[in-house]
Amino acid sequence: MPQSAPVATPPAQLAIFTDFDGTLVELAETPDSIDVPDTLAEQLGQTARELNLAFAVLTGREIADIDRFLAPLVLPVAGAHGTQRRRADGVLEAIDPDSLEGAERVAEALGPLIAAYPELILETKRGAVAVHFRQAPELEATVHEAMQRAIEINNHFVLVPGKMVYEARPRGVSKGEALRAFMLEEPFVGRTPVFIGDDVTDEDAFIAAQDLGGVGIKLGDGDTAARMRIADVGSVRALLQGLGDIAAREQELVVPERETIEPEQEMAH
């Protein structure tokens, strides 16, 4: 299992993108019960600086959730599977009004399901809706059927499966499209993209990174478009730290040439 730089491109020329849940932190029974190590924000901030800030998180969570978990660190983030995006310059892109309204209608339609099965968790986001059934896996078919009915009232949305979750998100929106958008902007433009993720919802980003000449790295087992794999969350953190350390050393070796003054010139002054 690779623990070093995943591609031949020097790390200082990479653009790193990573999922959050199941990739940077372990999955948990509920979205709010994840364990975020105290050192994670410091480590990611250091890696981002070593990569000249070409580091972003692409997540199913809202941007506000990532900011809360990684405070005081503020990174470029694509939230709600790309429905929300904060660029590297700190600008938050406006969310499509149809996505906002559609998500509200989907969530409202799912009200009876959540009332009937309180062990399910309804996660409402600005522009997307998810239902988690990790605490009641036997309800997967019930959740799928209810969410299919909910999105039929709005063909602007599609249903996407994840690990013990179904997500309704706007059609045409994905982590892959978010990665492509970042790669058109500084400091990502011209670099080689690497995306690390663990779930079905990460497949679009694996494909996008590889279409752009980079690589996708999947954590764990299962069919995937990613060309490489990595074992676990700890290995992801080690990989990020290693890439950052190498990039920092590479930049230290690039020393600008100093103007030399010949003895005759020095005396003339």
Side-chain angles (χ1 to χ4, degrees), residues 6-7 14-25 27 31 54-63 65-66 75-88 93 95-96 98-99 102-103 106 123 125-132 144 147-148 151 154-185 188-189 191-230 236 239-240:
V7 292
L14 296 177
I16 305 295
F17 302 91
T18 177
D19 180 33
F20 189 73
D21 292 86
T23 303
L24 290 177
V25 298
L27 294 171
F55 182 91
V57 174
L58 312 182
T59 177
R61 289 185 182 268
E62 293 199 276
I63 291 174
D65 288 337
I66 300 302
L75 292 169
V77 179
H81 300 286
T83 306
Q84 309 168 8
R85 195 167 74 91
R86 180 171 61 215
R87 304 197 309 246
E93 294 190 338
I95 302 174
D96 176 22
D98 289 341
S99 298
V106 170
E123 185 182 7
K125 312 170 189 181
R126 300 188 71 230
V129 181
V131 175
H132 299 262
H144 183 268
M147 293 198 73
Q148 283 283 20
I151 65 172
N154 188 349
N155 61 11
H156 182 57
F157 276 66
V158 295
L159 190 60
V160 181
K163 289 184 176 178
M164 310 299 285
V165 61
Y166 281 107
E167 179 117 15
R169 72 184 186 199
R171 191 179 301 276
V173 170
S174 70
K175 292 182 181 181
E177 291 305 307
L179 186 150
R180 293 178 189 274
F182 276 122
M183 288 299 296
L184 295 174
E185 305 164 353
F188 304 95
V189 65
R191 289 172 173 253
T192 299
V194 175
F195 178 72
I196 311 170
D198 73 303
D199 207 345
V200 176
T201 55
D202 296 318
E203 290 297 316
D204 290 331
F206 294 144
I207 293 169
Q210 291 167 177
D211 283 349
L212 294 172
V215 66
I217 306 176
K218 178 177 172 61
L219 186 155
D221 300 325
D223 293 338
T224 183
R227 294 179 185 146
M228 302 193 73
R229 292 184 188 267
I230 196 165
V236 172
L239 175 60
L240 293 177

Checklist entry - Could you state the interatomic distance from CG (D221) to CG (D198), rounded to the nearest 0.5 Å? => result 11.5 Å
Next on the checklist: Evaluate I196 against L240 for side-chain contact (heavy atoms from CB on, under 4.5 Å), listing each step before the verdict.
Outcome noted: CA-CA 10 Å; I196 311 170; L240 293 177; 4.0 Å; yes
Checklist entry - About how many Å separate CD1 of I63 and CD of Q84, when rounded to the nearest 0.5 Å? => result 5.0 Å
Checklist entry - Can you list the residues that meet the salt bridge (charged side-chain N to carboxylate O under 4.0 Å, His left out) rule with R85, with sequence neighbours excluded? => result E93, E185
Checklist outcome for this item: Those residues at least two apart in sequence (or on a different chain) that pass salt bridge (charged side-chain N to carboxylate O under 4.0 Å, His left out) with E62 are none
Next on the checklist: Testing the basics here: between D204 and S174, what is the closest heavy-atom pair and its distance to 0.1 Å?
Outcome noted: OD2-CB, 3.3 Å
Checklist entry - So do the side chains of I217 and L239 get within less than 4.5 Å of each other, counting heavy atoms only? => result yes
Item to check | Pairwise side-chain contact, K125 with D65, heavy-atom cut-off 4.5 Å (strictly under) | outcome: no
Item to check | Qualifying residues under side chain to side chain donor-acceptor pair (under 3.5 Å), relative to D19, sequence neighbours excluded | outcome: T23, K175
Checklist outcome for this item: Interatomic distance, CZ@R169 vs CG@L159, rounded to 0.5 Å, equals 10.0 Å
Checklist entry - Quick one: CG on L212 to CZ on F188, what's the gap to the nearest 0.5 Å? => result 13.0 Å
Item to check | Beyond-backbone contact of M183 with F17, side-chain heavy atoms, under 4.5 angstrom | outcome: yes
Item to check | side chain to side chain contact (heavy atoms under 4.5 Å, CB included) partners for V129, two or more places apart | outcome: A103, V106, A107, L110, L122
Checklist entry - How far does CZ of R126 sit from OG of S99, to the nearest 0.5 angstrom? => result 10.5 Å
Checklist entry - Partners of V189 by side chain to side chain contact (heavy atoms under 4.5 Å, CB included), sequence neighbours excluded? => result E186
Next on the checklist: Please enumerate all residues that pass salt bridge (charged side-chain N to carboxylate O under 4.0 Å, His left out) together with R191, with sequence neighbours excluded.
Outcome noted: none
Checklist outcome for this item: Sorted by chain and residue number, the side chain to side chain donor-acceptor pair (under 3.5 Å) partners of D98 (sequence neighbours excluded) come out as none
Item to check | Side chain proximity check, E167 to T201, heavy atoms < 4.5 angstrom | outcome: no
Next on the checklist: Less than 4.5 Å apart, side chain to side chain, heavy atoms only: is that true for M164 and L27?
Outcome noted: no
Checklist entry - Please, which pairs that meet ring-ring contact (aromatic ring centres under 6.0 Å, His included) have at least one residue in residues 191-225, sequence neighbours excluded? => result F195-F206
Checklist entry - Does some side-chain heavy atom of D96 sit less than 4.5 Å from a side-chain heavy atom of V173? => result no
Next on the checklist: Any side-chain to backbone donor/acceptor pair from E177 onto G82? Under 3.5 Å, distance only.
Outcome noted: no
Checklist entry - Which atom names give the shortest non-hydrogen contact between A226 and G216, and what distance separates them? => result CB-O, 3.4 Å
Checklist entry - What residues, two or more places apart in sequence or in another chain, satisfy side chain to side chain donor-acceptor pair (under 3.5 Å) together with E203? => result T224
Checklist entry - So, does R229 use its side chain to make a donor-acceptor pair with the main chain of G220 at under 3.5 Å? => result yes
Item to check | Counterpart residues, side chain to side chain donor-acceptor pair (under 3.5 Å), relative to R61 (two or more places apart) | outcome: D21
Item to check | Contacts of I207 that satisfy side chain to side chain contact (heavy atoms under 4.5 Å, CB included) - sequence neighbours left out | outcome: D211, A225
Checklist entry - Measuring from F157:CZ to R171:CZ, what's the distance to the nearest 0.5 Å? => result 10.5 Å
Checklist entry - Does any non-hydrogen side-chain atom of F182 lie less than 4.5 Å from one of L58? => result yes
Checklist entry - Are any of the side-chain heavy atoms of H81 and V160 separated by less than 4.5 Å? => result no
Item to check | G162 backbone acceptor or donor facing D199 side chain under 3.5 Å | outcome: no
Item to check | Test side chain to side chain contact (heavy atoms under 4.5 Å, CB included) applied to A208 - qualifying residues, sequence neighbours left out | outcome: L179, R180
